[in-house]
2 protein chains.
Amino acid sequence: MSATEQRGRKPRADVQRNRAALLETAQRHFLQHGVGTSLEAVAKEAGVGPGTLYRHFPTREALLAAVLQTRSEELVARQADIEQLGDAAEALEQWLRAMEDYFSAFSGLPEPLMAAARAQEPDNPLTIPCDILITATDEHVQAAQSAGHVRAGVRGYDLFLAACSTAWIKGNGTDEESLDRLRTLIASGYRQRNAQP
Amino acid sequence: MSATEQRGRKPRADVQRNRAALLETAQRHFLQHGVGTSLEAVAKEAGVGPGTLYRHFPTREALLAAVLQTRSEELVARQADIEQLGDAAEALEQWLRAMEDYFSAFSGLPEPLMAAARAQEPDNPLTIPCDILITATDEHVQAAQSAGHVRAGVRGYDLFLAACSTAWIKGNGTDEESLDRLRTLIASGYRQRNAQP
DNA sequence: AATCAGTACGGAGGCAGCATCCGTTTTGAT
DNA sequence: ATCAAAACGGATGCTGCCTCCGTACTGATT
């Protein structure tokens, strides 16, 4: 028996079915209406009562975290690929874009993520993925610094913040051209002036 | 008769009193609870009914814009001072900080400001101040570019976005040190490498 | 001073969403 | 087939939004 399975010994059929339906519906609603979507509507469309939704996911953040689980895993997988590249500068750049995409998955997502990153609430379900991302970013940054591609004094957390705010702006309907300008601006900010090959 | 006075000829005493009370109370509530504060509570504390509040300020944005009026004027005044400086680079930097402070006046303010800046809704009361700020920023940028302090290709709007997102991050409780790092990062991004005095 | 018409007031009311509680139903185990 | 634990779901109470309309106030007019 794996650790993720039941500790007692009863994985009720109900529970799994409802949980799956809720996750599926919630993802659709988050996609269409953003993270602020009506949880009541999600429950109704999933064919369960509000009580059931709240029992499975006590807070909006818990539901969000569960829905994001899949995407988080994909992101981590992408990181593995990215790390394969020899070029630390290129790797960092790709990683930042990957994070930005992740943050942009649903409209309004950066808000709760920032709240979780600040992380005075240790039981916020979004804190864990955030910490993972920050750490991963920091590793990329350090690698790129060692290779002389990134200024000293830049931390992973700084670029995490930058990616998060870029995603926030993106989610607010700014045109792609302006976004690219902003990304370029930020890249100019962290890049080492004279890269040493 | 000035243009800002009545066009017909009746400035009812009621109206002025209530409007003033609403603005005063709203500012306090925005300060304490952010831009999402309960308008019902504002009305109640101002001693008027909800109807009166909504007649004076049909939307939350209208109320926000009215409350921000004073601050906007201060900001413009500060701009005048800043322009006096001969140093365009220093002027730009100060201007960006001034804007950031303005955006940080109330928690959650960047959100509606961004929505207004994107500006497909021409009757959004926040659009006007936003456009003014963008234009002003662009002037500072161009001045600094002429003096060779800022890269070509940087637009005022880009730095407006940057300031807005910095304020957003700030409003989400990030520590001052990280903010300073981010500001430095952005500054490194727009500054010309070899300034020509 | 008294009247009048226009204006503004304010609260009741309808609506939507959140979150909880508890009587009823489902489920796996025996 | 029976049972107790576990899960369900909807009724419920709450808060906030926004509107509508009978009532009250105000400034102008005589």
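Throughout, a chain's letter reflects where its sequence line sits, starting with A, and its residues are numbered from 1.
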K.L.:
For B:Asp175, enumerate each residue passing the side-chain hydrogen bond (donor to acceptor under 3.5 Å, both in side chains) test, keeping only those at least two apart in sequence or located in another chain.
P.N.:
B:Ser178

K.L.:
Pick one: which of B:Glu93, B:Glu177, B:Glu176 meets salt bridge (Lys or Arg N to Asp or Glu O under 4.0 Å) with B:Arg183?
P.N.:
B:Glu176

K.L.:
Enumerate the residues from residues 54-65 of chain A whose closest heavy atom to DNA chain C is under 4.0 Å, giving them by residue number; use none for an empty result.
P.N.:
A:Tyr54, A:Arg60

K.L.:
How about B:Tyr190 and A:Ser188: does a side-chain donor come under 3.5 Å of a side-chain acceptor?
P.N.:
no

K.L.:
Is B:Leu179 reachable from A:Tyr157 through a run of hydrophobic residues whose side-chain heavy atoms are each under 4.5 Å from the next?
P.N.:
yes

K.L.:
Residues sharing B:Val76's hydrophobic cluster, by side-chain heavy-atom contacts under 4.5 Å among ILVMFWY, directly or via others?
P.N.:
none

K.L.:
Kindly work out whether a path of hydrophobic side-chain contacts (I/L/V/M/F/W/Y, heavy atoms less than 4.5 Å apart) joins B:Leu31 to B:Val35.
P.N.:
yes

K.L.:
Please tabulate the protein-to-nucleotide N/O contacts below 3.5 Å involving nucleotides 5-7 of chain C, giving atom names and distances.
P.N.:
from: C:dG6; atom 1: N2; to: B:Arg12; atom 2: NH1; distance (Å): 3.1
from: C:dT7; atom 1: O2; to: B:Arg12; atom 2: NH1; distance (Å): 2.7

K.L.:
Whole angstrom is fine here: how far is it from CG in A:Leu53 over to P in D:dA7?
P.N.:
15 Å

K.L.:
Taking side-chain hydrogen bond (donor to acceptor under 3.5 Å, both in side chains) as the definition, give me every residue that meets it alongside A:Gln94, ordered by chain and number, with sequence neighbours left out.
P.N.:
none

K.L.:
Starting at the 5' end of DNA chain C, which residue's closest nucleotide do you reach first, A:Ala13 or B:Thr52?
P.N.:
B:Thr52

K.L.:
Hey, what's the ring geometry for A:Trp95 with A:His140, parallel, tilted or perpendicular (30° and 60° as the breaks)?
P.N.:
parallel

K.L.:
Where along residues 16-40 of chain A does a heavy atom fall under 4.0 Å from DNA chain D?
P.N.:
A:Asn18

K.L.:
Where the side chain of A:Asp14 is defined as all heavy atoms beyond and including C-beta, which of C:dT26, D:dT19, D:dT26 is the nearest nucleotide?
P.N.:
C:dT26

K.L.:
Is there side-chain contact between A:Gln79 and A:Leu75, with heavy atoms separated by less than 4.5 Å?
P.N.:
no

K.L.:
Any chain of hydrophobic side-chain contacts (each under 4.5 Å) joining A:Leu23 to A:Tyr54?
P.N.:
yes

